[in-house]
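Take a look at the structure below.
We name chains A, B, ... by the order of the sequence lines, and we start the count at 1 in each one. Values reported hereafter were calculated over all heavy atoms of this structure, with side chains retained and with hydrogens, waters and symmetry mates removed. Since the model is a prediction, treat every value here as computed from it, not as a measurement.
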Number of protein chains: 2
Amino acid sequence: MSKQELVVLGQSDENGACCPGLVTAPLDEDQAAELAKLFKALGDPVRLRLLSLIASRAGGEVCVCDLTPAFDLSQPTISHHLKLLRQAGLIDCERRGTWVYYWALPATLDRLAAFLETSQTAEATA
Amino acid sequence: MSKQELVVLGQSDENGACCPGLVTAPLDEDQAAELAKLFKALGDPVRLRLLSLIASRAGGEVCVCDLTPAFDLSQPTISHHLKLLRQAGLIDCERRGTWVYYWALPATLDRLAAFLETSQTAEATA
DNA sequence: GGCTTGGATTGATGCCTGTCGATGCAACCT
DNA sequence: AGGTTGCATCGACAGGCATCAATCCAAGCC
């Protein structure tokens, strides 16, 4: 059948869409290594909560001073986790005067979501 | 809009849909811990490749004997990774005569995908 | 200038985890 | 029964990682 023909679509690899989708085709080592980095960044309860705190924020931005007290951890530890999330491309930040603000990067999240989706909802109308 | 109304649906917590979605609301510690376990399972290149090999298989099943030679790793190591994927609920297996066959569990993958999706595509018609 | 406060960085420490060789176990085959 | 093959388990080891106290830097304030 043409099943294998279809898959080739999504993997342009140029814009960051990356990777054909988990169900679509086996990953090569490079793709797997890159995606693993992202999932590893999500593989910690503290980072997940941090990310959800940031991503669910109405204004789209959160000051670190609002994040730290939400955890029973030291300030350096929170800072460390934020750094990992940022290095993974899941969030970004900016210093604005005294405070540092973080926000989520939806593109990375959606990319991972698309990768995991098994029922390829062919929403790619483009 | 009714955006926030829609999301509440999926979080029944009874069937495994779990968790309101990353962008929707902050996670509590239990939700974060449970999801982190899943993402941690995905946070390794070898496991990602294993999962993609299994999930993309036409028949839906793969014999371990087909998986092991695809890696430059010892057989116990592959077995170890398969065990972790299975404990995470991402795959399951069955011994059939001499060989053991693995298959993917799409429900878990779709659940994670739905959790990560930022643009809640309200596809939950059910 | 000094002081204070918000965050990031550093270094150290203990745990977790990926890997392997060796072994065990189950199923097939003489 | 004995031998062989496919996988899982065990024990050990090395590297990675989460955490903290101490420190440092930047920005505001006196």
Side-chain angles (χ1 to χ4, degrees), chain A residues 27 29 32-54 57 61-104, chain B residues 27 29 32-54 57 61-104:
Chain A
L27 296 167
E29 297 191 35
E34 208 219 317
L35 285 169
K37 254 186 271 181
L38 286 173
F39 285 120
K40 194 179 301 184
L42 294 175
D44 180 279
V46 175
R47 285 196 290 273
L48 268 186
R49 286 183 61 205
L50 277 171
L51 185 57
S52 72
L53 279 170
I54 297 172
R57 189 60 154 232
E61 291 182 347
V62 194
C63 174
V64 175
C65 59
D66 287 334
L67 294 173
T68 306
F71 296 84
D72 219 22
L73 296 169
S74 69
Q75 174 265 323
T77 299
I78 300 297
S79 189
H80 168 67
H81 286 303
L82 287 171
K83 183 180 183 178
L84 291 186
L85 286 172
R86 192 160 52 87
Q87 288 177 336
L90 291 163
I91 60 176
D92 202 358
C93 67
E94 182 188 26
R95 168 164 228 130
R96 208 171 299 149
T98 307
W99 293 280
V100 176
Y101 293 87
Y102 280 82
W103 60 87
Chain B
L27 295 169
E29 296 191 35
E34 208 220 314
L35 285 168
K37 252 187 271 182
L38 286 173
F39 284 121
K40 196 180 299 184
L42 294 174
D44 181 279
V46 175
R47 286 196 290 272
L48 269 186
R49 287 183 60 205
L50 277 171
L51 184 59
S52 72
L53 278 171
I54 297 172
R57 190 61 151 230
E61 291 182 346
V62 194
C63 174
V64 176
C65 61
D66 286 334
L67 294 173
T68 306
F71 297 84
D72 219 19
L73 295 169
S74 71
Q75 174 266 321
T77 299
I78 300 298
S79 188
H80 168 67
H81 285 302
L82 287 172
K83 183 179 184 178
L84 292 185
L85 286 172
R86 192 160 52 87
Q87 289 177 335
L90 291 162
I91 61 176
D92 201 358
C93 68
E94 182 188 24
R95 166 165 227 130
R96 208 171 301 149
T98 307
W99 292 279
V100 177
Y101 294 87
Y102 281 81
W103 58 89

**Message:** Ignoring hydrogens, what is the shortest heavy-atom contact between B/Val62 and B/Ile54? Give both atom names and the distance.
**Reply:**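 Shortest heavy-atom contact: CG2-CA, 3.6 Å.
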Value in whole Å for how far the [atom2] atom of [N] lies from [atom1] of [X]:
| X | N | atom1 | atom2 | value |
| --- | --- | --- | --- | --- |
| A/Lys37 | D/dG16 | NZ | C1' | 15 Å |
| A/Glu94 | C/dG7 | CD | P | 14 Å |
| A/Leu50 | D/dA18 | CG | P | 12 Å |
| A/Trp99 | D/dG28 | CH2 | P | 9 Å |
| A/Asp66 | C/dG7 | CG | P | 8 Å |
| A/Leu85 | D/dA18 | CG | P | 10 Å |
| B/Lys83 | D/dT9 | NZ | C1' | 7 Å |
| A/Leu82 | C/dA8 | CG | P | 6 Å |

**Request:** State, with a plain yes or no, whether a side-chain heavy atom of B/Asp66 is found less than 4.5 Å away from one of B/Arg57.
**Result:**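 Yes - at least one pair of side-chain heavy atoms lies under 4.5 Å apart.
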**Asked** Going through the distances and angles, do A/Glu94 and A/Tyr101 end up as a side-chain contact (heavy atoms from CB on, under 4.5 Å)?
**Response** CA-CA 5 Å; A/Glu94 182 188 26; A/Tyr101 293 87; 5.6 Å; no
**Request:** Could you point out which residue of B/Leu51, B/Val46, B/Leu67 forms a side chain to side chain contact (heavy atoms under 4.5 Å, CB included) with B/His81?
**Result:**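 With B/His81 as partner, B/Leu51, B/Val46, B/Leu67 yield a single side chain to side chain contact (heavy atoms under 4.5 Å, CB included), made by B/Val46.
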**Message:** Over all strands shown, is A/Tyr102 touching base, sugar-phosphate only, or nothing at heavy-atom distances under 4.0 angstrom?
**Reply:**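 Sugar-phosphate, no base atom in range.
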**Per-nucleotide protein contact string for nucleotides 18-30 of chain C, where B marks a base within reach and S marks sugar-phosphate only (heavy atoms under 4.0 Å, - for neither)** = SBBBB----SS--
**Request:** Just jot down the side chain to side chain donor-acceptor pair (under 3.5 Å) partners of A/Asp92, sequence neighbours excluded, or say none.
**Result:**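 A/Asp92: no side chain to side chain donor-acceptor pair (under 3.5 Å) contacts found.
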**Inter-residue atom distance A/Lys40.NZ - A/Leu42.CG, 0.5 Å rounding** =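 Rounded to the nearest 0.5 Å, the NZ-CG separation comes to 12.5 Å.
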